[in-house]
Amino acid sequence: MRMGYACIVTELNDLPKNQRVTTNRSMIKKTFTSKGVDYASEMALLNCRDLMKILIWNSQNQFDFFRMSSNMFPWASEYNISDLKHFEEIASVLKECGDFAKDNDIRLSFHPGPFNKLCSSDERILKNTIKDLETHGEIMDLMGLSRTHFNKINIHVGGAYGDRQKASEVFCRNFDKLSDSVKSRLTVENDDRASLYSTKDLFSMIYEKIGVPIVHDIHHHGFCTGGIGQEEAMKIAISTWGKITPVVHYSESRTKEYENVKENAHSDYIYEKIECFDLDVDIMVEAKKKEKAVQKYRKDHLSS
DNA sequence: CCAGGTCAAGGGAGT
DNA sequence: ACTCCCTTGACCTGG
């Protein structure tokens, strides 16, 4: 069982700016407009170089599961990676990252943002979504990562528009418009609101139609059960993965740590022993303190 | 260095 | 109609 965390190594991120290691260098629109795509290219190269440092840190700290940031290429919707000024060096660094991950058995994944709406019937929104997803696939291809759900690109369906069944059908139709680079890696995650998609919904509306595996988020399930329990939902999700080890997401409510916060907001750390019903899964921990939350969990629950 | 205000995208929920 | 939140806070400006 792997345990991973998302996008940021706080230990390396919370350093003075000139020593900081991060893959999240970005910029506001005004800066992108004034400094242009070559500046974005510079930022992307720095981000990719730091990805390598983060992977090394992971291997030195017994982490074999990591979610890469979608911010590695700022304003990626506005250009093709292969047209960037620093493309050759970027490609070379990314290949090194991918090779390192494989040599050290680190599972890498992506979780593109909430603006991806593969269920949209609006051509412009769909076009933006496909562009973003293809960028994620291209990065993984450049890294030489497998075109399997081991290196998943995980998204939510993205909307219901008042009719889940109908929206999910649009999602399935649009899935066909993606390249193999994305199709082979795409997974869907259950939502944290009853009006959206439960794990059970995803099974019948997505998996049974197009074979896209389900990432079961244990925390989200509490807000959108689909009328079934945690164990049943997890088993349904896990049945969709074939030979690849399934991923489940885990987090706890921020209300455990702070007052006047939303029930479904994520906590800094996690406290309870994660119940996996003896299933073989990899766990992506979504807690604000990132790697520190996993380290604390290991100390509390896994050390002997 | 720091604090405070601001920031692409789409949908949903709360006000 | 407006604001906040979501995968992941980070950027920018003025002091």
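Naming convention: chains lettered A, B, ... in sequence-line order (proteins, then strands); numbering from 1 in each chain.
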(request) From the options B:dG12, C:dG9, B:dC1, select the nucleotide whose nearest atom is closest to the side chain of A:S195. (result) B:dG12
(message) Taking 4.0 Å as the cut-off, does a side-chain nitrogen or oxygen of A:H111 come that near to OP1 or OP2 on C:dT8?
(response) no
(request) May I have the distance from A:L196 (atom CG) to C:dT7 (atom P), rounded to whole angstrom? (result) 11 Å
(request) Take the protein atom CG of A:D192 and the nucleotide atom C1' of C:dC6, then report the distance between them rounded to whole Å. (result) 8 Å
(message) Please report the distance separating the P of C:dA1 from the corresponding atom of B:dA8, rounded so that it comes out in whole Å.
(response) 23 Å
(request) Would you mind telling me which residue lines up with the more 5' stretch of DNA chain C, A:K290 or A:Y39, judged by nearest nucleotide? (result) A:K290
(request) Using a 4.0 Å heavy-atom cut-off across all strands, classify A:G159 as base, sugar-phosphate, or nothing. (result) sugar-phosphate
(request) Please check the phosphate of C:dC4 (OP1 and OP2 only) for any side-chain N or O of A:K262 closer than 4.0 Å. (result) no
(message) For A:E42, is there an ion pair with A:R25 - N to carboxylate O distance below 4.0 angstrom?
(response) no
(request) Could you measure between the two C1' atoms, the one in B:dG11 and the one in C:dA10, and give it in whole Å? (result) 23 Å
(request) Sequence neighbours left out, what passes side-chain contact (heavy atoms from CB on, under 4.5 Å) with A:E275? Give chain and number order. (result) A:F277
(request) Describe the nucleic acid contact of A:R124 in one word from base, sugar-phosphate, nothing, applying a heavy-atom distance below 4.0 Å. (result) sugar-phosphate
(message) Heavy atoms only, 4.0 Å cut-off, all strands: where does A:H136 land among base, sugar-phosphate and nothing?
(response) nothing
(message) Tell me if the side-chain of A:S70 makes a donor-acceptor pair with the base of C:dT8, cut-off 3.5 Å, by modelled atom types.
(response) yes
Output a table of nitrogen or oxygen pairs between the protein and nucleotides 6-8 of chain B separated by less than 3.5 Å.
{"unit_1": "B:dA8", "atom_1": "OP1", "unit_2": "A:K29", "atom_2": "N", "d": "2.8"}
{"unit_1": "B:dA8", "atom_1": "N1", "unit_2": "A:S77", "atom_2": "OG", "d": "3.4"}

(request) To the nearest Å, give me how far apart CG (A:N190) and P (C:dT7) are. (result) 10 Å
(message) With a 4.0 Å cutoff (strictly under), does any side-chain N or O of A:H220 reach OP1 or OP2 of C:dT7?
(response) yes
(request) Just say parallel, tilted or perpendicular for the rings of A:F32 and A:Y79, cut-offs at 30° and 60°. (result) tilted
(message) What is the separation between atom CZ on A:R193 and atom C1' on B:dG12, rounded to the nearest whole Å?
(response) 5 Å
(request) Using a strict cut-off of less than 4.0 Å between a Lys/Arg side-chain nitrogen and an Asp/Glu carboxylate oxygen, indicate whether A:E257 and A:K289 qualify as a salt bridge. (result) no
(message) Can you see if the side chain of A:R25 gets near the phosphate of C:dA10 - specifically, an N or O under 4.0 Å from OP1 or OP2?
(response) no
(request) Identify whether the distance between the nearest side-chain nitrogen and carboxylate oxygen of A:R185 and A:D141 falls below 4.0 Å. (result) yes
(message) Between B:dA9 and A:F115, is there a base-stacking contact, meaning the centre of the base's six-membered ring lies under 5.5 Å from the residue's ring centre while the planes stay under 30° apart?
(response) yes
(request) Have a look at A:Y161 and say if it touches a base, only the backbone sugar-phosphate, or nothing, with a 4.0 Å heavy-atom cut-off. (result) sugar-phosphate
(request) Could you tell me the separation between the CG atom of A:L15 and the P atom of B:dC1, rounded to a whole number of Å? (result) 12 Å
(message) What is the separation between atom CD1 on A:I130 and atom P on B:dG10, rounded to the nearest whole Å?
(response) 14 Å
(request) Determine, for A:E231 against A:K235, whether the closest basic-nitrogen to carboxylate-oxygen distance falls under 4.0 angstrom. (result) yes
(request) Could you please spell out the steps behind the salt bridge (charged side-chain N to carboxylate O under 4.0 Å, His left out) verdict for A:E169 and A:K209? (result) CA-CA 9 Å; A:E169 284 166 14; A:K209 302 284 169 56; 5.3 Å; no
(message) When the P atoms of C:dT3 and B:dA9 are compared, how many Å lie between them, rounded to an integer?
(response) 15 Å
(message) Using atom P in both nucleotides, what's the gap between B:dC7 and C:dC5 to the nearest angstrom?
(response) 16 Å
(message) Looking at A:K53 and A:D50, is there a salt bridge between them, counting it only when a charged N and a carboxylate O are closer than 4.0 Å?
(response) yes
(request) Taking atom C1' in both B:dG5 and C:dC4, compute the distance separating them and give it to the nearest angstrom. (result) 16 Å
(request) Return one dot-bracket line describing DNA chain B 5' to 3' (Watson-Crick or G-U wobble pairs, both distances under 3.5 Å; ( ) same strand, [ ] crossing, | another strand, . none). (result) |||||||..||||||
(message) If the threshold is 4.0 Å, N to carboxylate O, is there a salt bridge linking A:E232 and A:K200?
(response) no
(message) For the residue pair A:R2 and A:F150, would you count it as a cation-pi contact if the rule is NZ or CZ under 6.0 angstrom from the ring centre and within 45 degrees of the ring axis?
(response) no
(request) Classify the nucleic acid contact of A:K17 as base, sugar-phosphate or nothing, counting any heavy atom under 4.0 Å across all strands shown. (result) nothing
(message) From NE2 of A:H266 over to P of C:dC4, roughly how many Å is that when rounded to an integer?
(response) 20 Å
(request) In whole angstrom, give the distance that lies between atom CG of A:N264 and atom P of B:dG14. (result) 10 Å
(request) Please report the closest heavy-atom contact between A:Y269 and A:Y271, naming both atoms and the distance. (result) O-CE1, 3.4 Å
(request) Please measure how far the P atom in B:dG12 lies from the corresponding atom in C:dG9, and state the result in whole Å. (result) 23 Å
